[in-house]
Peer 1: 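Encoded as structure tokens, here's the structure I'll be asking about.
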Amino acid sequence: MKNSEITARDLAHIWHPCTQMKDHETLPLIPVRSARGVWLEDFEGHRYIDGISSWWVNLFGHAHPYITRRLSEQASTLEHVLLAGFTHEPAVRLAERLCALAPGDLNRVFFADNGSSAVEVALKMSYHAHLNRGEKRPLFLSLTNSYHGETIGALSVGDVELYKKTYEPILIRSLQTPVPADRSVEAAEEAAVALESILKERGKEISALIVEPLVQCAGYMHMYHPRYLTLARELCDAYGIHLIADEIAVGFGRTGTMFACEQAGVVPDFMCLSKGLTGGYMPLAVVLTSDEIYSRFYCDYLEYRAFLHSHSYTGNPLGCSCANAVLDIFENEKILEKNREKIAWMAELLEPFTALSNVKEVRQTGLIAAVELQGYSPQERVNLKIFDHCLKRGVFIRPLGHVLYFMPPYIITKEEMTKMIETAYDAVKEL
Ligand SMILES: *Cc1c(COP(=O)(O)O)cnc(C)c1O
């Protein structure tokens, strides 16, 4: 089969996510026949390095033999059972392990099946936990430039205008407080002052502050200092507000530590995880919370007291078995230690960008790197030019506007990383 055959059939029926479909009149879709390690392969045998881990989900490369084996064993044992009134070993084991790994006293696990749903769960639980103590707090607070997903609640607490503006009239109520302007301690402290003034004024109406710890990924890979999280935790405590850590993108080692919150030494009231959780195999998400929050819902049957939220695929055993396999790999292969070397390669390979006049800033947190360009209008769509240049040379990256970024699978070799970053460098240089 040729690439063009499958793309023509695709365009007759499929409406793609996050896409102006008309772009595909000129921009070819990439039909992927198979993938192994960091490499995607199309129907004509062209190979591309997956420089963004397929939207940040694929931690250990594609078709990983161990995860594949555990998934297929699980599929022939128990593919699914509902999680209301039933349980199964993969979910139990995963919950035990996540609680052991998570910071502090996060000891309760609620399952969902995608990141946005996990955010919805955390928002609803936070509101409801206050309500169960007789407090009505109908507002949520989030950071400017934040992204928490696309469902109505998650979109409401996000702040990326491109995704949000159209739906403004139908969103739930939220307020935004400034994200630290840059990675300095001073910017973190300034942003905390702004947070405190909002809390002083509106604190009693707010259920929770939701943040993406350290890196706002969909928000053009904006990065800030851990000090902000420490100060935000203190302020949330002072005003009786929950802190929700949305670690959907940054969790599972991306920032160098297992969870980004660890770098600030803070324990959130809710932690949302998804994306890397199953290594890119199955949709799954969890929300971790404390026994204290859990206990506010725990009583003899009373209407409206319990958390009556569910999804059909809640805690799917196939997803849980993949997540357990992912945690096995972290343990058995000392991934966090090994990644330190790769983080250093990345820093070294990024260095040449800083000398280019069309580069405004190069930033890196763990195995997330971003190169911000300057001097281009949105109409120029430099992202497409860079995408195209790299794709023709066997590298798949997907710049966000004027920011190109790398978030490769952790199994990337030095040679592959060099190819990926040098190809992107040539693309930026030739703009
Ligand atoms: C991707 C993402 C989400 C949404 O997850 P989906 O599975 O795409 O719904 C939420 N928060 C953050 C920080 C994300 O990166």
Peer 1: Pair S116, E150 - check side-chain hydrogen bond (donor to acceptor under 3.5 Å, both in side chains), show working.
Peer 2: CA-CA 6 Å; S116 303; E150 304 287 351; over 6 Å; no

Peer 1: Counting only heavy atoms not in E168, do more than 12 fall under 6.0 Å of its CD?
Peer 2: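 Yes - once you tally the heavy atoms of other residues, nucleotides and ligands closer than 6.0 Å, there are more than 12.
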
Peer 1: So E25 and K22, salt bridge (Lys or Arg N to Asp or Glu O under 4.0 Å) or not? Walk me through it.
Peer 2: CA-CA 6 Å; E25 287 180 8; K22 190 169 191 293; 3.5 Å; yes

Peer 1: Can you find a side-chain donor-acceptor pair between Q216 and S146 that sits under 3.5 Å?
Peer 2: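 Distance-only check fails for Q216 and S146.
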
Peer 1: Of the non-hydrogen atoms in F60 and H64, which two are nearest, and what is the gap between them?
Peer 2: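 Scanning both residues completely, I find the closest heavy atoms to be O-CD2, 3.3 Å.
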
Peer 1: Are Y167 and S156 linked by a side-chain donor-acceptor pair shorter than 3.5 Å?
Peer 2: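 Note: Y167 and S156 side chains miss the donor-acceptor criterion.
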
Peer 1: Just to verify, what does H62 make a side chain to side chain donor-acceptor pair (under 3.5 Å) with, not counting sequence neighbours?
Peer 2: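 H62 satisfies side chain to side chain donor-acceptor pair (under 3.5 Å) with D50, N58 once adjacent residues are dropped.
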
Peer 1: Could you check whether atom CZ of R9 has more than 12 heavy atoms from other residues, nucleotides or ligands sitting under 6.0 Å from it?
Peer 2: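 No, not enclosed.
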
Peer 1: Verify the distance criterion only: is there a donor paired with an acceptor across the side chains of D159 and N145 at less than 3.5 Å?
Peer 2: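 Result is no, nothing qualifies.
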
Peer 1: What I'd like to find out is whether the side chain of V326 reaches to under 4.5 Å of the side chain of L277, using heavy atoms alone.
Peer 2: no

Peer 1: Can a donor-acceptor pair be found between the side chains of N316 and H80 at a distance below 3.5 Å?
Peer 2: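 Checked: N316/H80 side chains pair up, N/O donor to acceptor below 3.5 Å.
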
Peer 1: Are a donor atom and an acceptor atom from the side chains of N114 and S117 found within less than 3.5 Å of each other?
Peer 2: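 Side chains of N114 and S117: pair found under 3.5 Å.
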
Peer 1: A side-chain contact here means heavy atoms from C-beta on lying under 4.5 Å apart; do L367 and T255 qualify?
Peer 2: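 Side-chain contact under 4.5 Å: no.
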
Peer 1: Determine whether the aromatic ring centres of Y147 and Y220 lie less than 6.0 Å apart.
Peer 2: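 No - the distance between ring centres of Y147 and Y220 does not fall below the 6.0 Å cut-off.
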
Peer 1: Charged N to carboxylate O below 4.0 Å: is that the case for D23 and R381?
Peer 2: yes

Peer 1: Is any side-chain heavy atom of P399 closer than 4.5 Å to one of V371?
Peer 2: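 A side-chain contact under 4.5 Å is absent here.
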
Peer 1: Would one find more than 12 heavy atoms of other residues, nucleotides or ligands at under 6.0 Å from atom CZ of R33?
Peer 2: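 Result for CZ/R33: enclosed.
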
Peer 1: Taking the side chain as every heavy atom from C-beta outward, state whether E234 and L231 have any pair of such atoms under 4.5 Å apart.
Peer 2: yes

Peer 1: List the residues meeting ring pair (Phe, Tyr, Trp, His ring centres under 6.0 Å) with Y224, not counting sequence neighbours, and say none if there are none.
Peer 2: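 By the ring pair (Phe, Tyr, Trp, His ring centres under 6.0 Å) rule, Y224 matches Y228.
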
Peer 1: Above 12 or not: heavy atoms from other molecules or residues under 6.0 Å from CD of Q20?
Peer 2: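 Above 12, so yes.
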
Peer 1: Run the salt-bridge test on E205 and R137 with the 4.0 Å N-O cut-off and return the result as yes or no.
Peer 2: no

Peer 1: Check each of C322, P317, C320, S321 against M282 using the side chain to side chain contact (heavy atoms under 4.5 Å, CB included) test, and report the only one that passes.
Peer 2: C322

Peer 1: Is a side-chain N or O of S53 found less than 3.5 angstrom from the main chain of M407, in a donor-acceptor match?
Peer 2: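 Yes.
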
Peer 1: Are the ring centres of F111 and Y313 closer than 6.0 Å?
Peer 2: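 No: the rings miss the under 6.0 Å criterion.
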
Peer 1: Taking NZ, NE, NH1 and NH2 as the nitrogens, is one of them in K2 or E5 under 4.0 Å from a carboxylate oxygen of the other?
Peer 2: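 A salt bridge is absent here (no side-chain N lies under 4.0 Å from a carboxylate O).
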
Peer 1: Where do F110 and F307 land on the ring pair (Phe, Tyr, Trp, His ring centres under 6.0 Å) test, with the steps shown first?
Peer 2: CA-CA 10 Å; F110 194 94; F307 191 62; 5.2 Å; yes

Peer 1: Is it true that Q176 and S174 share a donor-acceptor pair across their side chains at a distance under 3.5 Å?
Peer 2: yes

Peer 1: Measure the shortest side-chain to side-chain distance between K342 and P408 over non-hydrogen atoms and say whether it is less than 4.5 angstrom.
Peer 2: no

Peer 1: Do V109 and C99 come close enough that some side-chain heavy atom pair is under 4.5 Å?
Peer 2: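 Yes, at least one pair of side-chain atoms sits under 4.5 Å.
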
Peer 1: Between E331 and R97 (salt bridge meaning N to carboxylate O under 4.0 Å), is one present in this structure?
Peer 2: yes

Peer 1: Should M221 and V215 count as side-chain neighbours, where that means a heavy-atom distance under 4.5 Å?
Peer 2: yes

Peer 1: Under a 4.5 Å cut-off applied to non-hydrogen side-chain atoms, are H225 and P180 in contact?
Peer 2: no

Peer 1: Which heavy atom in L273 sits nearest to a heavy atom in E247, and how many Å separate them?
Peer 2: CD2-CB, 3.7 Å

Peer 1: Using distance alone, with no hydrogens and no angle criterion, decide if H130 and K136 have a side-chain donor and acceptor under 3.5 Å apart.
Peer 2: no

Peer 1: Using a distance-only test with no angle check, is there a side-chain donor-acceptor pair under 3.5 angstrom linking T365 and R254?
Peer 2: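 Judged by distance alone, the side chains do not pair up.
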
Peer 1: Around atom CD of E415, are there more than 12 heavy atoms from other residues, nucleotides or ligands closer than 6.0 Å?
Peer 2: no

Peer 1: Hey, are R233 and D269 close enough for a salt bridge, meaning a charged N less than 4.0 Å from a carboxylate O?
Peer 2: yes

